**Student:** 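The structure under discussion is supplied below as structure tokens; questions concerning it will follow.
One-based numbering along the sequence shown. Predicted, not measured: the structure shown is a model, and the values here were computed from it.
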Amino acid sequence: MTLLSIRDLRTQFMTEGGLVRAVDGISLSVGAGETVAVVGESGCGKSVTALSILRLIASPPGRIAGGTIEFEGLDLLSMPEKAMRRIRGKKIAMVFQEPQTSLNPVFTVGFQVAEPLLLHEKISRRAGRARAIELLRRVGIADPESRVDDYPHQLSGGMKQRAMIAMALACKPSLLIADEPTTALDVTVQSQILALLKDLQRDIGMSVLLITHDLGIVAEVADRVAVMYAGRIVETADVRALFASPRHPYTVGLFDSLPRVGEIRARLRAIPGQVPDPAAFPEGCRFHPRCPLAIDRCRSEVPLLREISPGHASACHRAEEVKR
């Protein structure tokens, strides 16, 4: 069953440098209980997609210029703001990229974890505090009875991220959007956070939309993957199919840039060129200036996302020739 369905979503920003098409016609779905990862370089539109789902795009300068976002059969883009506020934090929750800036420094961690419950379930502050302690314990924070009264600056980076997850899961959402949930955490804490998300997903039965640039994380937790480049999705596939046989040159470039066992001293292979200016995308395929397979057709004709094999789609004119 499809929980979230995005069709032809376009989110734009008016800047001094011109119109920025941050998200430019993407389509994506998330099934019940499924983990879908959206992967790509910084600036490709991943986080803007997440914020668009929750209608948190600041206007001005931004606006959702077109497309549809359906959640549990409801059209989120046409929904009144009052109704949308009942969805945020209860049905759809989000773990933001930087916990140190997402947590409010003037309120205790316990109050912030309990706030969604106070808002959506109308429980008392005493009951909210008790639930906050329970949630902090569930996400692996030691001595939650004491930590519930701490302020964010008293927590480590990993504990702040756990508190953010506790806040997001307070109302047992159907969909959790995790935007780079392990950024700036050391490798050990990253592993703990990912294991925690998997355990909680299994317990609650929620779906996860994971925003990341880390293919290692994708391999560990995702069921399906959507690769984004310059505001568009260029490849979608089951995680095993993508890792076994990527069908877009950009995806191959991402894999090639990863360090390899036994090549510790070797230089990492970067994708040549630069990410295009979002206010002045090139004609045709947006990846063609950096692509080793580019031909004249790529410079003039936009490649459509098409199915190469069952469940595996690529927006490349030469997808069948792509090899890792």
Side-chain angles (χ1 to χ4, degrees), residues 3-15 19-30 35-72 74-104 112 115-116 119-120 161 164-165 167-169 171 173-184 197 206-214 217 226-233 275 278-279:
L3 181 72
L4 176 73
S5 177
I6 301 172
R7 292 289 175 266
D8 195 29
L9 177 66
R10 287 172 284 125
T11 303
Q12 303 172 345
F13 296 86
M14 182 55 69
T15 69
L19 182 67
V20 171
R21 293 171 288 169
V23 174
D24 198 22
I26 73 163
S27 296
L28 180 70
S29 65
V30 180
T35 298
V36 175
V38 180
V39 185
E41 294 170 281
S42 296
C44 71
K46 306 186 303 294
S47 294
V48 174
T49 299
L51 293 173
S52 297
I53 294 169
L54 288 168
R55 279 176 40 188
L56 292 176
I57 300 297
S59 178
R63 70 184 185 105
I64 297 175
T68 62
I69 302 175
E70 291 189 358
F71 173 75
E72 294 184 338
L74 301 173
D75 184 356
L76 298 186
L77 297 187
S78 65
M79 185 177 290
E81 177 58 27
K82 185 176 181 180
M84 191 66 207
R85 285 198 295 268
R86 291 195 289 267
I87 297 286
R88 293 190 201 106
K90 182 171 177 63
K91 290 287 190 176
I92 306 176
M94 185 166 176
V95 177
F96 291 91
Q97 188 169 353
E98 297 289 345
Q100 56 266 37
T101 56
S102 299
L103 290 169
N104 192 320
Q112 293 182 70
E115 191 172 19
L119 177 65
H120 294 292
Q161 193 64 283
M164 288 288 296
I165 293 170
M167 190 189 316
L169 299 182
C171 295
S174 301
L175 175 65
L176 176 69
I177 302 173
D179 187 3
E180 302 279 9
T182 59
T183 295
L197 284 173
M206 66 185 177
S207 301
V208 176
L209 181 63
L210 175 67
I211 310 295
T212 185
H213 64 274
D214 190 328
I217 291 175
V227 181
M228 280 191 78
Y229 182 78
R232 291 179 176 163
I233 290 177
V275 177

**Student:** Any non-hydrogen side-chain atom of Phe71 less than 4.5 Å from a side-chain atom of Val30?
**Tutor:**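 Not touching, per the 4.5 Å side-chain cut-off.
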
**Student:** For Ser47, check side chain to side chain donor-acceptor pair (under 3.5 Å) against everything at least two apart and list the hits.
**Tutor:**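 Asp179.
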
**Student:** Please name the pair of heavy atoms, one in Leu76 and one in Arg55, separated by the smallest distance, quoted to 0.1 Å.
**Tutor:**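 In this case the closest contact between Leu76 and Arg55 is O-NH1, 2.6 Å.
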
**Student:** CD1/Ile92 to CE/Met206 distance, rounded to the nearest 0.5 angstrom?
**Tutor:**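 Answer rounded to 0.5 Å: 13.0 Å.
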
**Student:** Working to the nearest 0.5 angstrom, can you tell me the gap between Leu175 CG and Leu4 CG?
**Tutor:**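 It is 6.0 Å, given to the nearest 0.5 Å.
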
**Student:** Please list, chain by chain and in numerical order, all residues satisfying side chain to side chain donor-acceptor pair (under 3.5 Å) with Arg21, sequence neighbours excluded.
**Tutor:**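 Side chain to side chain donor-acceptor pair (under 3.5 Å) list for Arg21, sorted by chain: empty.
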
**Student:** Where is the tightest heavy-atom contact between Ala93 and Ala168, given as atom of each residue plus distance?
**Tutor:**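 Closest approach of Ala93 to Ala168: CB-O, 3.1 Å.
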
**Student:** For residues 39-48, which residue pairs qualify under salt bridge (charged side-chain N to carboxylate O under 4.0 Å, His left out), counting only residues two or more places apart or in two chains?
**Tutor:**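 For residues 39-48: Glu41-Arg290.
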
**Student:** For Asp8, which residues count as a side-chain contact (heavy atoms from CB on, under 4.5 Å) partner, sequence neighbours excluded?
**Tutor:**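 In terms of side-chain contact (heavy atoms from CB on, under 4.5 Å), with neighbours along the sequence ignored, Asp8 is linked to Arg10.
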
**Student:** Under the side-chain contact (heavy atoms from CB on, under 4.5 Å) test, which residues partner Thr11, sequence neighbours left out?
**Tutor:**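 Result, side-chain contact (heavy atoms from CB on, under 4.5 Å) vs Thr11: Leu9, Phe13, Val23, Val48, Ser52, Ile57, Ile64.
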
**Student:** So which atom in Pro116 and which in Gly89 form the shortest heavy-atom distance, rounded to 0.1 Å?
**Tutor:**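 Pro116 and Gly89 have their closest heavy atoms at CB-O, 4.5 Å.
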
**Student:** Quick one: are Val38 and Thr49 in side-chain contact, heavy atoms under 4.5 Å?
**Tutor:**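 Val38 does not reach Thr49 side chain to side chain.
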
**Student:** Quick check for you: to the nearest 0.5 Å, what is the distance between Leu54 atom CG and Met94 atom CE?
**Tutor:**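 Atom-to-atom, Leu54:CG and Met94:CE are 6.5 Å apart.
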
**Student:** Can you find a heavy atom in the side chain of Met14 that is under 4.5 Å from one in the side chain of Leu19?
**Tutor:**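 Counting from C-beta outward, Met14 and Leu19 do come under 4.5 Å.
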
**Student:** Who pairs with Leu119 by side-chain contact (heavy atoms from CB on, under 4.5 Å), at least two apart in sequence or on another chain?
**Tutor:**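 For Leu119 there are no side-chain contact (heavy atoms from CB on, under 4.5 Å) partners, ignoring immediate neighbours.
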
**Student:** Who passes side chain to side chain donor-acceptor pair (under 3.5 Å) against Glu72, sequence neighbours left out?
**Tutor:**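 Glu72 satisfies side chain to side chain donor-acceptor pair (under 3.5 Å) with Ser174 once adjacent residues are dropped.
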
**Student:** List the residues meeting side-chain contact (heavy atoms from CB on, under 4.5 Å) with Ser29, not counting sequence neighbours, and say none if there are none.
**Tutor:**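 Ser29: side-chain contact (heavy atoms from CB on, under 4.5 Å) contacts with Thr2, Arg224.
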
**Student:** About how many Å separate CD1 of Ile177 and CD1 of Ile211, when rounded to the nearest 0.5 Å?
**Tutor:**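 Rounded to the nearest 0.5 Å, the CD1-CD1 separation comes to 7.0 Å.
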
**Student:** Taking side-chain hydrogen bond (donor to acceptor under 3.5 Å, both in side chains) as the cut-off, I'd like each qualifying pair that reaches into residues 83-96, sequence neighbours left out, listed once.
**Tutor:**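 Those involving residues 83-96 are Glu81-Arg88.
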
**Student:** Mind checking side chain to side chain donor-acceptor pair (under 3.5 Å) for His213 and listing every partner two or more places apart, or none if nothing turns up?
**Tutor:**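 Partners of His213 under the side chain to side chain donor-acceptor pair (under 3.5 Å) test: Glu180.
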
**Student:** State the CG-CG distance between Leu197 and Leu169, to the nearest 0.5 angstrom.
**Tutor:**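 Nearest 0.5 Å value for the CG-CG distance: 7.5 Å.
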
**Student:** Might you point out which heavy atoms bring Gly231 and Ile26 nearest each other, and give the distance in Å?
**Tutor:**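 In terms of heavy atoms, the two residues are closest at O-CG2, 3.4 Å.
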
**Student:** How many angstroms lie between atom CD of Gln112 and atom CG of Leu103, to the nearest 0.5 angstrom?
**Tutor:**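 CG of Leu103 is found 5.0 Å from CD of Gln112.
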
**Student:** Do the non-hydrogen side-chain atoms of Leu209 and Ile53 ever get within less than 4.5 Å of each other?
**Tutor:**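 A side-chain contact under 4.5 Å exists here.
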
